[in-house]
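Letters A, B, ... mirror the listed sequences (proteins, then strands); counts begin at 1.
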Amino acid sequence: MTRYPKKAKSEIGLSPTELVFRGEKKVDQIQMGVIDFDETSVEEKTIQNVKEIATFAHKKTVTWFNIYGLHDIEILKEIGEEFNFDKLILADVLETQSRPKIEDFNNFVFISLKMIQFSEEKQDITVENLSLLFNDNILFSFQEKKGDVFEPVRNRIRNHKRKLRSSRPDYLAFALIDTVIDHYLYLLGMLGEKIESIDDVLIDHPNTSVIDEIKSYKKKINYIQKGIKPAKEMILALSKLESDFIHKKNKIHFKELVNNINQASDNVDSYRELLSDQLNVYHMMISSRLNDIMKFLTIFSVIFIPLTFIAGIYGTNFDVLPELHFKYGYYIMLGCMAVIAIAMLLYFKRKKWL
Amino acid sequence: MTRYPKKAKSEIGLSPTELVFRGEKKVDQIQMGVIDFDETSVEEKTIQNVKEIATFAHKKTVTWFNIYGLHDIEILKEIGEEFNFDKLILADVLETQSRPKIEDFNNFVFISLKMIQFSEEKQDITVENLSLLFNDNILFSFQEKKGDVFEPVRNRIRNHKRKLRSSRPDYLAFALIDTVIDHYLYLLGMLGEKIESIDDVLIDHPNTSVIDEIKSYKKKINYIQKGIKPAKEMILALSKLESDFIHKKNKIHFKELVNNINQASDNVDSYRELLSDQLNVYHMMISSRLNDIMKFLTIFSVIFIPLTFIAGIYGTNFDVLPELHFKYGYYIMLGCMAVIAIAMLLYFKRKKWL
Amino acid sequence: MTRYPKKAKSEIGLSPTELVFRGEKKVDQIQMGVIDFDETSVEEKTIQNVKEIATFAHKKTVTWFNIYGLHDIEILKEIGEEFNFDKLILADVLETQSRPKIEDFNNFVFISLKMIQFSEEKQDITVENLSLLFNDNILFSFQEKKGDVFEPVRNRIRNHKRKLRSSRPDYLAFALIDTVIDHYLYLLGMLGEKIESIDDVLIDHPNTSVIDEIKSYKKKINYIQKGIKPAKEMILALSKLESDFIHKKNKIHFKELVNNINQASDNVDSYRELLSDQLNVYHMMISSRLNDIMKFLTIFSVIFIPLTFIAGIYGTNFDVLPELHFKYGYYIMLGCMAVIAIAMLLYFKRKKWL
Amino acid sequence: MTRYPKKAKSEIGLSPTELVFRGEKKVDQIQMGVIDFDETSVEEKTIQNVKEIATFAHKKTVTWFNIYGLHDIEILKEIGEEFNFDKLILADVLETQSRPKIEDFNNFVFISLKMIQFSEEKQDITVENLSLLFNDNILFSFQEKKGDVFEPVRNRIRNHKRKLRSSRPDYLAFALIDTVIDHYLYLLGMLGEKIESIDDVLIDHPNTSVIDEIKSYKKKINYIQKGIKPAKEMILALSKLESDFIHKKNKIHFKELVNNINQASDNVDSYRELLSDQLNVYHMMISSRLNDIMKFLTIFSVIFIPLTFIAGIYGTNFDVLPELHFKYGYYIMLGCMAVIAIAMLLYFKRKKWL
Amino acid sequence: MTRYPKKAKSEIGLSPTELVFRGEKKVDQIQMGVIDFDETSVEEKTIQNVKEIATFAHKKTVTWFNIYGLHDIEILKEIGEEFNFDKLILADVLETQSRPKIEDFNNFVFISLKMIQFSEEKQDITVENLSLLFNDNILFSFQEKKGDVFEPVRNRIRNHKRKLRSSRPDYLAFALIDTVIDHYLYLLGMLGEKIESIDDVLIDHPNTSVIDEIKSYKKKINYIQKGIKPAKEMILALSKLESDFIHKKNKIHFKELVNNINQASDNVDSYRELLSDQLNVYHMMISSRLNDIMKFLTIFSVIFIPLTFIAGIYGTNFDVLPELHFKYGYYIMLGCMAVIAIAMLLYFKRKKWL
Ligand SMILES: [Mg+2]
Ligand SMILES: [Mg+2]
Ligand SMILES: [Mg+2]
Ligand SMILES: [Mg+2]
Ligand SMILES: [Mg+2]
Ligand SMILES: [Mg+2]
Ligand SMILES: [Mg+2]
Ligand SMILES: [Mg+2]
Ligand SMILES: [Mg+2]
Ligand SMILES: [Mg+2]
Ligand SMILES: [Mg+2]
Ligand SMILES: [Mg+2]
Ligand SMILES: [Mg+2]
Ligand SMILES: [Mg+2]
Ligand SMILES: [Mg+2]
Ligand SMILES: [Mg+2]
Ligand SMILES: [Mg+2]
Ligand SMILES: [Mg+2]
Ligand SMILES: [Mg+2]
Ligand SMILES: [Mg+2]
Ligand SMILES: [Mg+2]
Ligand SMILES: [Mg+2]
Ligand SMILES: [Mg+2]
Ligand SMILES: [Mg+2]
Ligand SMILES: [Mg+2]
Ligand SMILES: [Mg+2]
Ligand SMILES: [Mg+2]
Ligand SMILES: [Mg+2]
Ligand SMILES: [Mg+2]
């Protein structure tokens, strides 16, 4: 599997309104559901037929229409026609590998961003494209597969009569984006804890598997950065957007999103730098440790070199080699060897090589 | 072959309207063709004589006039005179090594950018300069050689009666630039897949050929960056251009181009960083592996050093060397040697050098 | 302990007005105090009951209400209701891990920033979130635990009748933020002195513990940077804020804050660079020193290699080996060895390897 | 020779209008010439006396007055008085080490920039300061020494009756600056070709002389960058300058200069990066190659170590050493040695160390 | 001595108008002098009593009042009261470790910047804080100690009747700041010459003392950068300041200051990069040279290893070892050894290891 988006040759030169599903098919069947609410009531329903939505959409309530799965282009087209989408919108929804962006259409505000999570199942980071589309009556959320990411928001709708229930879809959009950024922060915190724990491994027993670990986290963090960096641009643009569908009193919430995505971005920067520092420290530790070994062993060898040389001399077979015939010759040789070895040790000690 | 643009000494100090063909001659004969269309009809034709275009140009249809090959200055001059080009335009068209740019002339919008492709034939990246020139009636595309790059756009004109057929040349220009950026993304995706696969090689059998590979991809990516970076500036300027020839309803498409070129630029950044990380990891792996070898071998030597020394002592020829005459002297020596070797192995183990 | 902020899974998707205490409980009991002053008088009091504040708040005096401890949400809610806080404010006060920020509410200016200090007790840097909230009558300061950080400001209120006593809460806010930045500068100065002293260690006896030290300071500095960088953005925004509660004559003081935080930021940059330079120098010194050792020892070995070889030759047991029977054979061998050794030393000297 | 500009102690604190020649004296005698032209005629003349110019200057023609050599301050003063220069202008003209800049005086536009060339004679890059000064009637060019840099522009004046002959001095200024930038591009192309050819050397026979070469090109490129970077700022300012002496129809040419200098700046960036990559690759190649040698030789040594040890054992003189008296003892020992050597080779092969 | 500014614990939380002398006492006694001039006359005087100034200040002449030494707060207060300084000004003057800045008070423009010089005495760079304060009648310069830095400006006042004598204090301020920047450029030139000369040392005899030298210059340059970087911001702000005390005709001089400080900043960048390149080259040279030594010596050892092994074999005491009894056995062995040594040398040569 390759992680960065690829463009297929067949997609080159297509019309921007050409509807082609370019992603992975992540669910068998498109699933649609609706939550329709106002301050006094909430209605939740699974939907089989696009026509059913029409009944909700024209009430004064706020309608959140969520779609899981994007491969059935016919259903998407039907939705588009029912709600009079600009032709570009559905193509954007289908382009799941696109860069996070915001587009202000006449009758809708369109937002796309990346849901980034850690999948326990795949033991890896998964990225899913999320498209939001809202006006003052309805909000569409398009996801690639079913998930429980937005369950907390649904619970807030079900349980409270507060803010969320008395606001228009702009506040719902804020709540959804906020949840996505919360996931960024949660994921970064999780990774960060592991990255920081590498420090201990580095001190106690640095080994090559640490390189692999650091490299793997570096890839994950870079991957997350690729989602967060353009999201930062997008959210800044969103916070400044002048649209009829974004109410002045909610501006402060969109400004808060800027703050949160900046925090995520700061954390990405911090972890990138931490990983890069760790790699450096690892490199220095390994080379420092190997140097210790080499130094020890080389010194060890050097001490024996002259000793072996002396033994070699007295192993020669010269007819005339007077020392061999001294009474204590052997013991004198052993004594000399001891003296030489000790002298060398002292010399090395003084030179601080030991 | 050198890859970065060079300026010949003879080109220094030339007038900006001086027409000199500065590129490589990539085709034998300039070829000209026209596609003329409106909502109801399409006419395609190969053209031999510049005069023939005049008949198309003054109809209300949209005329796309494409020229392959730039070495015949006389034909280009004729076109320029026929359509009353600003004198600077043709010089720009001929300067195939120039930086992507946009220029708003009175009667035309001029755009130049780089078509970057992977040539199966040359097994390398090829860069071709593309100039576009359009007003509200006609669009000229100047290419260095014939290619099938824009075939998908031609097919959209031939087959559909949709958007492209009912728009003016600004939308056609969008479609062409979009196709060029699609090629950037496709090429980056292709390279990216290969770059990412280097990771596996790095883990399994890092060898010097990997440096060559990384370096070669680094060059390719840097080369692409040189085309994309100024194109990014140019497309941003294009999306903000106020011209009579760019219709308001198409603004959204030019804004989309900004998004796409940003994605290409993001990918270039990502791959640059990935390659640089790979080079670092390679370096650490090689040095880590060599260290392992050196460590093993040095330890091996060190164990034999004292043993050989002992053998040396008992190889001396002293008259008085009592151990030589012990009954079990030889076996005691072998035993001592075994003890020393084992002790050293244990010591190294405890020191974690093994 | 991990140092970068983490988000708990349970916090994902919460309403921005949901009051959850997300920090560490750093005190047992929330403590509240008030200093109420004008040009002529100062009154200081510990407060048990939120209602007590009301009596101060409606006087023309400036009231500084400080709260230590954030875990008792009920008390905070009571305060919020009493003073009609925007619902977002209390949630921000409780989010102790948030990024420094400024928010202009209708009836209050809200500021959050980080108090960074060196804790003698923990022998480490501690970070505490500080929230300030002021209008033209009252200033609230929310801290995580009791501390003597603002004692100098309190003393200025108690002792002088000058500026601070005759100003509104905006000047008090300035004085508090200024104190926080003074702490940044003090802390950076303290760390800086230690970092600079590493230079001496590097020259005299570079050892692996220096890596640990450098790494530890690098982490501390990066950690401080994480507090200062967004504070810089925040203070710049504060200096430009148009609010009824910030009086024109005090603008110059807020501008001064920008200057001071810039100095802190400059110092962070300088120390980061210094640490990074030190790591490089350490690396070069260690490798340069090891090279010296290896060089010496290898040369030492090399001198003995031919000598030992010669001894080996005359240790062979050939029947015919004429030199062994020369009268001065042994002495000639020793002489040759000396000549060889001296020649090699001279050669190495000339090659500048010694 | 040092390459970066130095300030002499005596120049500190001088008045900005103090006329001191601070450069190298590059010609013996100041030389002055004039080209005076309009659409119908051209007159070229060498001038001895400043008064002579007056006759040209007050005609409706365009007068290009060029001065080679700057050491004769009296002549420069005379020119300044004759044409009523602002006092700062001559000081700027004399400050040949200054940063490229543009200044809009009342009666003149002043431009300074660097002419950078490769001197065949010195085999090195030479930098010369060029000052241009123009209003709607006259253009002064001040150069440090005589050269043929602007010969192509003179030829355009002499030969054509086109654009240059029918324009005012602003277009002449454009033509001169354009020529200077063409020289940048030419020089960069020349250097670039050599830099790119280092790649081949790197692969075939990397040796220390490559470091010197890379370092020398790095210096050259950095040196060029020092001229181009501020020129980029200056030319951008020039393209935006609102002056009576820059005619609207020529704006497009000044915009083109921005494009060209950006290309030069891009190329500088590319070559800097290429050189830095080459240094890295060299480093990795050298260390990779040395590693190969060390590995081979160490393995070689290790194989002989146990063999020599065995020979040592049978060289001992124990009274009782049964193997010595076996009939085939010697041959068995040789056989064992062969087995050990082969086993070790196989082991190393399996471990992929060979 | 530590070089970066430290904040004392006792300074935390002080009022911005609190007057505390925070610097080093560099002179025993505060010294005050005045130069009072207009176009026709100059009067210079040493002053003992603050009251004396009053007589100068209320004339139409320009009064430059210079103060050396800042430790006597009472005198400073007296000056402040006499001339009605804003309370913040004196505190700023006393804060000698502050960042260069500009402040526009009602009755004065306040500027602080760093005088950076090379002290022959201390053989190190010294930094002194300089505060300037001017309106349309008077300019105050506050320095930490007496020096001859501004002597050239004084001479211009004494000798000429030109510009400086006929201008108001804004031009005097320009002349002083210009002198300070001239000192930056002079100092950078001096350092630069030494830095560039390291290149020669690197090529001829790279040794560890070069690291120390490079590191020492790096520190100096970083230190200078710390003064220049904020000065750049300050001078840019000064060039844009709209104040009654800065006359329009002098704007061009302040713009020139921007140019000069930019040149200083460019030079700092260049030298930083040069030093960093030198460190890299040193690293590569040292490792390249050591590699040569190691390679030579290892090869040397390897050649003797098999020879010594052979001698070892014929040193064994086997009863049956036929070669020992060959007539020419010894000579054959020596011959074989020579053949092996030569073969290995040839092999190494072919492998290009020699
Ligand atoms: Mg950040
Ligand atoms: Mg960030
Ligand atoms: Mg950061
Ligand atoms: Mg970053
Ligand atoms: Mg950073
Ligand atoms: Mg990008
Ligand atoms: Mg990017
Ligand atoms: Mg990126
Ligand atoms: Mg980038
Ligand atoms: Mg880049
Ligand atoms: Mg980035
Ligand atoms: Mg980056
Ligand atoms: Mg940073
Ligand atoms: Mg800074
Ligand atoms: Mg900074
Ligand atoms: Mg800095
Ligand atoms: Mg910096
Ligand atoms: Mg560029
Ligand atoms: Mg560039
Ligand atoms: Mg570039
Ligand atoms: Mg650059
Ligand atoms: Mg770049
Ligand atoms: Mg860089
Ligand atoms: Mg610069
Ligand atoms: Mg600079
Ligand atoms: Mg620079
Ligand atoms: Mg810098
Ligand atoms: Mg730079
Ligand atoms: Mg840099």
Side-chain angles (χ1 to χ4, degrees), chain A residues 2-9 11-17 86-88 98-99 101 103 105 205 208 211-212 215 218-219 222 226 229-230 279 282-283 286-287 290 293-294 296-298 300-301 304-305 307-308 311-317 321 323-331 333-334, chain B residues 149-153 155-156 160 162-164 175 178-179 182-183 185-186 188-190 192-193 196-197 203 252-253 255-256 259-260 262-263 266-267 270-271 273-274 277 280-281 284-285 287-288 291 294-295 298-299 301-302 305-306 308-309 312-313 315-322 352-353:
Chain A
T2 58
R3 300 198 101 172
Y4 295 104
K6 307 279 173 295
K7 196 151 207 114
K9 191 138 206 179
E11 294 170 33
I12 295 177
L14 286 185
S15 157
T17 59
D86 189 296
K87 276 176 180 159
L88 295 165
S98 71
R99 216 173 172 253
K101 72 169 184 177
E103 208 65 69
F105 291 98
H205 25 70
T208 23
I211 302 185
D212 292 340
K215 205 182 131 199
K218 197 143 195 246
K219 267 192 146 172
N222 282 353
K226 272 206 81 148
K229 203 183 132 186
L279 210 60
Y282 170 78
H283 184 59
I286 279 292
S287 86
L290 183 96
I293 299 179
M294 296 298 288
F296 174 90
L297 301 182
T298 308
F300 188 91
S301 313
F304 279 96
I305 282 173
L307 309 186
T308 303
I313 283 180
Y314 296 111
T316 56
N317 300 313
L321 207 173
E323 295 96 315
L324 292 178
H325 313 298
F326 291 0
K327 198 172 170 191
Y328 299 108
Y330 174 56
Y331 303 104
M333 180 189 75
L334 289 183
Chain B
V149 169
F150 294 134
E151 208 53 29
V153 179
N155 284 331
R156 274 157 64 193
H160 310 300
R162 290 204 312 218
K163 186 81 188 168
L164 194 48
D178 193 42
T179 304
D182 279 355
H183 267 96
L185 288 167
Y186 170 69
L188 283 167
M190 235 177 65
E193 209 154 328
E196 289 178 65
S197 73
I203 287 159
I252 198 170
H253 296 297
K255 212 176 134 194
E256 183 65 20
N259 230 45
N260 293 347
N262 274 340
Q263 177 141 31
D266 278 8
N267 290 358
S270 298
Y271 290 126
E273 211 160 318
L274 187 53
D277 286 352
N280 275 331
V281 163
M284 298 215 177
M285 285 222 147
S287 85
S288 178
N291 288 345
M294 296 298 287
K295 212 168 69 182
T298 308
I299 287 170
S301 314
V302 159
I305 282 172
T308 302
F309 167 66
I313 284 179
T316 56
N317 300 313
F318 285 98
D319 291 351
V320 180
L321 206 173
K352 290 194 187 153
W353 293 356

(message) For A:Lys101, give me all partners under salt bridge (charged side-chain N to carboxylate O under 4.0 Å, His left out), at least two apart in sequence or on another chain.
(response) A:Asp92, A:Glu103, B:Glu256
(request) Any chance you could measure B:Lys163, atom NZ, to A:Thr17, atom OG1, to the nearest 0.5 Å? (result) 8.5 Å
(message) Just to verify, what does B:Phe150 make a ring-ring contact (aromatic ring centres under 6.0 Å, His included) with, not counting sequence neighbours?
(response) none
(message) Counting heavy-atom pairs closer than 4.5 Å to chain B, which one of A:Leu88, A:Thr298, A:Asp212 comes out on top?
(response) A:Leu88
(request) Measure the spacing between OG1 of B:Thr308 and CZ of A:Phe304 and express it to the nearest 0.5 Å. (result) 10.0 Å
(message) With rounding to the nearest 0.5 angstrom, report the CG to NZ distance, B:Asn267 to A:Lys226.
(response) 3.5 Å
(request) Find the one option among B:Leu321, B:Val153, B:Val149 whose heavy-atom pairs under 4.5 Å with chain A are most numerous. (result) B:Leu321
(message) Rounded at 0.5 Å granularity, tell me how far CG in B:Asp319 sits from CZ in A:Phe326.
(response) 11.0 Å
(request) Under 4.5 Å heavy-atom distance to chain B, tell me which part of A:Lys87 shows up: side chain, backbone, both or neither. (result) neither
(request) Return the minimal non-hydrogen interatomic distance between A:Ser301 and B:Ile305, and the atom names on each side. (result) OG-CD1, 3.3 Å
(request) Report the option among B:Asn155, B:Asn280, B:Val281 that has the most heavy-atom pairs separated by less than 4.5 Å from atoms of chain A. (result) B:Val281
(message) Quick check on B:Asp277 against chain A: is it the side chain, the backbone, both or neither that has a heavy atom closer than 4.5 Å?
(response) side chain
(request) Examine whether an atom of B:Asn317 lies under 4.5 Å from a heavy atom of chain A, and if so say whether it belongs to the side chain, the backbone or both; otherwise answer neither. (result) both
(message) For chain B, which candidate among A:Ile211, A:Ile12, A:Leu334, A:Thr316 shows the most heavy-atom pairs at distances under 4.5 Å?
(response) A:Ile12
